[in-house]
Amino acid sequence: MNNAYFDFAEPKNEPVLNYAPGSAERKALQKALAEMKSQQRDIPMYINGEEVRSGNKKEIRPPHETGHLLGHFHASTEAHVHDAIDAALNARESWAATSWEHRASIFMKAAELLATKYRYRMNAATMLGQSKNAYQAEIDSACELIDFLRFNVHFLSQIYKQQPISPQGMDNRMEYRPLEGFVLAVTPFNFTAIGGNLPTAPAMCGNVCVWKPANTQIYSASVFMEILIEAGLPKGVINLIYPSGPVGGEICYAHPYFAGVHFTGSTGVFQGMWKSIGNNIARYKSYPRIVGETGGKDFVFVHPSANVDAVVAGLARGAFEYQGQKCSAASRAYLPANLADEIKTKLVAELKTMKMGPVDDFTNFINAVIDEKAFDSIAKYISNVEQSNGAAKILCGGKCDKSKGYFIEPTVIDTVDPSYVTMCEEIFGPVLTIYTYDADNWIQELDVLDNTSPYALTGAIFAQDRHAIEFMTKALVNSAGNFYINDKPTGAVVGQQPFGGARASGTNDKAGSVLNLYRWLSPRTIKETYVSPVDYRYPFHQAD
Ligand code: NAD
């Protein structure tokens, strides 16, 4: 019997543990790291709730210790992609018919398992597989993912309560159906939480999913899949596979029951997907939902009235935490000439104190970048500075070494050209470029900032002058989907700063907010008339 309204109250954000020396959590995490490092995991795909092994094994190694083998994953063939779609579509009817309170309980249970039993294993997997330090793993693979699950359950229960008005004589109601088909979730390497959120947000709404993570995140993605299974996710609702992106994508986009894509990754990949979906448009049963959060060239604009120490801390954390591999990371800074020297001197001094090395030494602030391709691409931007004919110079850092792991020092490039390449292009590494402007011209400089890159993901302004803060907030209205005042442009928290950018940075559907969930629902409006008219005639056309 289901005759009551169930309430999933607004949750509190999961508290962030601090892993200080001597703390219980530090010991538990160190134990989990040692355990995981001592094993070689053989990671299967999960199709229709079954573990599937192709035998085509690909190695997984920590980016900071490439001599160590963590295990393998089994790469998918085209047949596995078809199997995953079939499994999803077979599960569709019964999952859509499962009552909301039971669907919700699966995700609430997964959040609880992650907060308790699996917290350290999940964080250890993220640290080893993606080279995050303990704190960066805690805020991502524990807290943010737990928050995504709990807040989305709450938001969805709020949506289900929204109903149209019913004047006397009729009943109007709205059902929030899942989409008619399957949703493809394609996820990036840099956040375990995004990996978990992109398939679970549509699934929570009653959709079935095919989930393709980045190869470099499979190690932690598979731990989350184990949690979902333990939480009771029925077979076929989320199918985790590892094909190459283009191969898996093309099979999904060509399917008549392709109902949508939930993507986070680079802008080029997203634009390619959109084109393929457009080319297939006549094949589909319904118009697919296209949701993508993509690249950024995130700015820090320093006003002449700014507090220097706040700027230095904002740049040090905002540009270099997780090696600058956050879509929100500060990667270009505009400094006023009256403060520039002091900011540069203090910033360089701070960066020199940042220790770099493997994740199991907790004193390291900086770890490795994700893989060799990323290392080579970032290193090229740095080495190209030498050929810039004086347009740019390396202010600090710049050393790159891939002998033991993919290590790149926190690097600051100082440029005299506001359109120098590293002021415009997304580098996705520990590289910040700074440009010094004439403090009297700060208003004109906002235009330069706004027109320098196609992106509009995050941005921060630093100022003490309230009129300037108000002016900049208005002038930069379209330059960032997440805008920060006197704070670093990273570190959005679910429920507090819904995340997403506009322009080339994505569809801005704000992951972890009520807005995102609407994209995975197809409402049906039902009108019931209690006493039906029995004559088609209206009074107006009667003769006088
Ligand atoms: P990526 O674009 O290289 O890969 C993302 C996913 O797409 C992976 O699963 C990859 O295998 C898959 N893929 C690659 N080519 C494909 C294709 N042709 N068809 C289908 N799938 C394909 O991105 P990444 O290196 O994993 O992540 C970094 C990027 O993600 C950066 O650009 C960053 O700004 C962006 N990002 C954005 C946000 C945001 O919220 N806006 C958050 C995190 C990361």
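Residue numbers start at 1 and run along the sequence shown. Order of listing sets the numbers, starting from 1, for every ligand and every atom in it.
- Taking all heavy atoms of D298, T264, V247 into account, the minimum distance to atom 5 (C) of ligand 1 is reached by T264.
- The shortest heavy-atom distance from F263 to ligand 1 is under 4.0 Å.
- Checked against a 3.5 angstrom limit, the closest N/O atoms of G249 and ligand 1 fall outside it.
- On a distance-only criterion, S505 and ligand 1 share no N/O pair closer than 3.5 Å.
- Neither the backbone nor the side chain of W211 has any atom closer than 4.0 Å to an atom of ligand 1 (non-hydrogen atoms only).
- With atom 29 (C) of ligand 1 as the reference point, the heavy atom nearest to it among P243, A214, G265 is part of G265.
- Taking the ring centre of F191 as origin, the terminal cationic atom of K132 falls inside the region bounded by 6.0 Å and 45° from the ring axis.
- Seen from the ring of Y219, R41 counts as a face-on cation partner, given the 6.0 Å and 45° thresholds.
- In terms of protein heavy atoms, atom 17 (C) of ligand 1 is closest to P246 N, 3.6 Å.
- Between G501 and ligand 1 there is no heavy-atom distance shorter than 4.0 Å.
- When all heavy atoms are compared, the tightest approach of K57 to H74 is CG-CE1, 3.8 Å.
- Under a 4.0 angstrom heavy-atom cut-off, F191 registers as lying outside contact with ligand 1.
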Going by atom type alone, with no hydrogens or angles, which donor-acceptor pairs under 3.5 Å involve a side-chain atom of residues 192-207 and a protein atom two or more places apart or on another chain?
residue : atom : partner : partner atom : Å
T192    : OG1  : T126    : OG1          : 2.9
T192    : OG1  : Q130    : OE1          : 3.4
T192    : OG1  : Q130    : NE2          : 3.1
T192    : OG1  : S220    : OG           : 3.3
N197    : OD1  : N152    : ND2          : 3.1
T200    : OG1  : G196    : O            : 2.6
T200    : OG1  : N197    : O            : 3.4
N207    : OD1  : L179    : N            : 2.8
N207    : ND2  : P202    : O            : 2.9
N207    : ND2  : W520    : O            : 2.9

